[in-house]
There are 2 protein chains.
Amino acid sequence: MRIGELARRAGVSTRALRYYEQQGMIVARRTANGYREYGEADLKLVTEIRSLLSVGFTLEDARPFVACLRAGHESGGSCPESVAVYQRKLTEIDDEIRTLLTRRAEVAAQLTTVCPGCVLRKIGES
Amino acid sequence: MRIGELARRAGVSTRALRYYEQQGMIVARRTANGYREYGEADLKLVTEIRSLLSVGFTLEDARPFVACLRAGHESGGSCPESVAVYQRKLTEIDDEIRTLLTRRAEVAAQLTTVCPGCVLRKIGES
DNA sequence: ATAAACGTTGACACCGACGTCAAGGTCAAG
DNA sequence: CTTGACCTTGACGTCGGTGTCAACGTTTAT
């Protein structure tokens, strides 16, 4: 299939697909006229990339997953490098959550000093 | 005082101070030679800005606070517009926290499928 | 033959809060 | 007079994942 069809099936823009290729995430065969030609495996790669981006991964984070799929594994996350990324991302997310919780508390405290009773309940607080 | 001294006392760069002025956050008098001249009140403004930026506010978010201080209020947060920003930021932070918690759960779930027992405890989980 | 719908590469725009040069003016001390 | 520490404005670079436009080639249908 050509880039337009892959884009439609994957739910991404052609711009995104070209960008992924530029970043070395996917590699397309070229037909005689220079058009990119993709297979079903590529759709799987793009789907994996999108899935990871949607949970806050960068393209760089997604690289090992794509490599894992291209290596023939059924899941992009089943390779050691992917697992390492999973764990790193978990700690990063945890750090961000902690930062946000701290900030929320600080902002809520400030708001309380000028407007007691204005603060809504925090997530998980009853 | 001139820009260098204000920068030192406020713990910011001169570049930041000029940027704040460019964005209309602070206004400096000019001496005969064109140098910016600041007073103690300006230090207070900059301190307020920094304090807000450090908890994730944008300069735009900080604007009402600065206006409030310039209007003579002892606290930048004591004006109605500032309170509104406080509340909006709280909901924004809450949204971000919820998003991150969801993401963490998704990533942890994926990791578990390829590496059971690899997932560390979530914040607040014992 | 031509229009419509596809494809190609290249390159600028975006967002926010600055960092970092460039090229110059000002001022106090030695 | 000169050095050096200060100041000025202006403008490009950063970071990521695209959107969007330009200018052009290809293919298919009519």
Side-chain angles (χ1 to χ4, degrees), chain A residues 1-39 42 45-66 85 88-89 92-93 96 99 103, chain B residues 1-39 42 45-66 85 88-89 92-93 96 99 103:
Chain A
M1 81 194 88
R2 290 177 304 185
I3 196 169
E5 185 182 348
L6 177 57
R8 251 169 292 139
R9 293 179 59 184
V12 307
S13 65
T14 59
R15 176 70 177 88
L17 293 178
R18 295 196 186 95
Y19 178 67
Y20 298 159
E21 178 172 326
Q22 191 186 354
Q23 300 304 307
M25 304 298 295
I26 53 183
V27 188
R29 289 184 299 118
R30 295 301 183 115
T31 56
N33 55 22
Y35 286 12
R36 291 174 177 81
E37 187 66 26
Y38 300 93
D42 294 312
L45 293 187
V46 175
T47 301
E48 177 84 3
I49 291 172
R50 286 268 113 183
S51 167
L52 293 170
L53 289 183
S54 74
V55 292
F57 284 44
T58 66
L59 269 190
E60 217 49 48
D61 292 332
R63 199 177 292 279
F65 293 79
V66 172
V85 171
R88 176 171 54 77
K89 295 306 283 187
E92 287 178 11
I93 293 172
E96 291 180 43
T99 296
R103 281 182 184 176
Chain B
M1 82 195 88
R2 291 178 302 185
I3 197 171
E5 186 181 348
L6 177 58
R8 250 167 301 159
R9 293 179 59 185
V12 306
S13 66
T14 58
R15 176 69 176 88
L17 293 178
R18 294 196 188 96
Y19 178 67
Y20 299 158
E21 179 172 325
Q22 191 187 354
Q23 299 304 309
M25 304 298 295
I26 53 182
V27 189
R29 288 184 298 121
R30 296 301 183 115
T31 56
N33 54 24
Y35 287 12
R36 290 173 178 81
E37 187 66 26
Y38 300 93
D42 294 311
L45 294 187
V46 175
T47 301
E48 178 85 3
I49 291 172
R50 287 266 113 184
S51 167
L52 293 170
L53 288 183
S54 74
V55 292
F57 283 45
T58 66
L59 269 190
E60 217 49 49
D61 292 331
R63 201 177 292 278
F65 292 79
V66 171
V85 172
R88 176 170 55 76
K89 295 307 283 186
E92 288 179 9
I93 292 172
E96 291 180 42
T99 297
R103 282 183 184 176

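Below, all heavy atoms of this structure are taken into account, side chains as well, without hydrogens, waters or symmetry copies. Lettering follows sequence order; numbering is per chain, from 1.
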Q | Side-chain N,O (A/R30) to OP1/OP2 (C/dT9) below 4.0 Å | A | yes

Q: Please name the pair of heavy atoms, one in A/R103 and one in B/S54, separated by the smallest distance, quoted to 0.1 Å.
A: NE-O, 3.9 Å

Q: Among the candidates C/dG19, D/dG19, C/dC18, find the nucleotide nearest to the side-chain atoms of B/Y20.
A: C/dC18

Q. Does a side-chain N or O from A/R8 land closer than 4.0 Å to OP1 or OP2 of C/dA5, or not?
A. no

Q | Atom-pair distance (CG on B/D61; C1' on C/dG16), nearest Å | A | 12 Å

Q | Whole-Å distance separating the CE atom of B/M1 from the P atom of D/dC6 | A | 16 Å

Q | Residue A/N33, side-chain heavy atoms: nucleotide from C/dA17, D/dT18, D/dT27 that is nearest | A | D/dT27

(Q) We want to know whether B/Y38 and B/R9 form a side-chain donor-acceptor pair, criterion being a heavy-atom distance below 3.5 angstrom. (A) no

Q) Can A/E5 and A/R2 be counted as an ion pair, charged N to O under 4.0 angstrom? A) no

Q: Ignoring backbone atoms, establish whether B/T14 has a side-chain N or O less than 4.0 Å from OP1 or OP2 of D/dC7.
A: no

(Q) Looking at every heavy atom in both A/V46 and A/L17, which two are closest together, and how far apart are they? (A) CG2-CD2, 3.7 Å

Q) Base, sugar-phosphate, or nothing: which does B/R18 touch, judged by heavy atoms less than 4.0 Å apart? A) base

Q) Ion pair present between A/E21 and A/R30, side-chain N to carboxylate O less than 4.0 angstrom? A) yes

Q. Looking only at heavy atoms, what is the nearest atom pair of A/A7 and A/S13, with distance?
A. CB-C, 4.1 Å

Q) When the distance from CG of A/L52 to P of D/dG16 is rounded to whole Å, what number comes out? A) 17 Å

Q: Look at the side chain of B/L53 and decide which nucleotide, out of C/dA17, C/dT26, C/dT9, has an atom nearest to it.
A: C/dA17

Q) In whole angstrom, what separates B/R2's CZ from C/dC27's P? A) 9 Å

**Q.** Value in whole Å for how far the P atom of C/dC6 lies from CG of A/L6
**A.** 15 Å

**Q.** Length of the OH-P vector between B/Y19 and D/dT9, whole Å
**A.** 16 Å

Q) Which of the following nucleotides, C/dC18, D/dT9, D/dG19, is nearest to the side chain of B/R36? A) D/dT9

Q | Closest-nucleotide ordering on DNA chain C, the 5'-leading residue of B/F57 and B/R15 | A | B/F57

Q. In whole angstrom, what separates B/R63's CZ from C/dA17's P?
A. 10 Å

(Q) If you assign each of A/L17 and B/Y35 to its closest nucleotide in DNA chain D, which residue comes earlier from the 5' end? (A) B/Y35

Q | Whole-Å gap separating P (C/dC27) and CD1 (B/I3) | A | 17 Å

**Q.** Euclidean distance, B/M25 CE relative to B/L59 CG, rounded to 0.5 Å
**A.** 5.0 Å

Q | Angle of first-five versus last-five pair axes in the helix from C/dA1-D/dT30 to C/dG30-D/dC1, to 10 degrees | A | 40°

(Q) Salt bridge or not between B/E92 and B/K89? Use side-chain N to carboxylate O under 4.0 Å. (A) yes

